[in-house]
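Worksheet: one structure, shown below.
What you see below is based on every heavy atom in this structure, not just the backbone, and it leaves out hydrogens, waters and symmetry mates. Heads up: numbering here begins at 1 and tracks the sequence.
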Amino acid sequence: MSEESPAPKVGMTVYTEDGRPLGNIRGFDTDGFFVTTEEGIDKMSVEHERSGHEFGEAELMWRCTNCGEMGELDDDLPPKCPNCGTEKEDLMYWTED
């Protein structure tokens, strides 16, 4: 009988098939998740996400993959989407110019 893996969450360690740790999940988007190998980084931040220098800085926000609602980040993703009520796992970090 196979055990189900827990749902991925920000801060969770990701491992290779042979059990070696790759890094920690720091954010999600429509293509998957972002992993950092640096110590002490547990989530995405403005320091990690910037558009090109010639375009200026991007603002780090959150976006709901269920309804498309977007909002400003306080310290972390909201616990649920305030628009549709979907869980935090359906929210992703988003950069906006």
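- Sorted by first and then second residue, the salt bridge (charged side-chain N to carboxylate O under 4.0 Å, His left out) pairs involving residues 86-95 (not counting sequence neighbours) are Asp76-Lys88, Lys80-Glu87.
- Remark: Cys64 SG to Asn66 CG distance equals 5.0 Å, nearest 0.5 Å.
- The shortest distance between side-chain heavy atoms of Pro78 and Leu91 falls below 4.5 Å.
- Taking OG1 of Thr65 as the start and CH2 of Trp94 as the end, the distance is 11.0 Å to the nearest 0.5 Å.
- Atoms CG and CH2, on Leu77 and Trp62 in that order, are 9.0 Å from each other to the nearest 0.5 Å.
- There is a path of hydrophobic side-chain contacts, each under 4.5 Å, that joins Tyr93 to Met70.
- Among pairs with a residue in residues 63-73, none fulfils salt bridge (charged side-chain N to carboxylate O under 4.0 Å, His left out), at least two apart in sequence or across chains.
- A pairwise comparison of heavy atoms in Asn24 and Thr13 identifies OD1-OG1, 2.9 Å as the closest pair.
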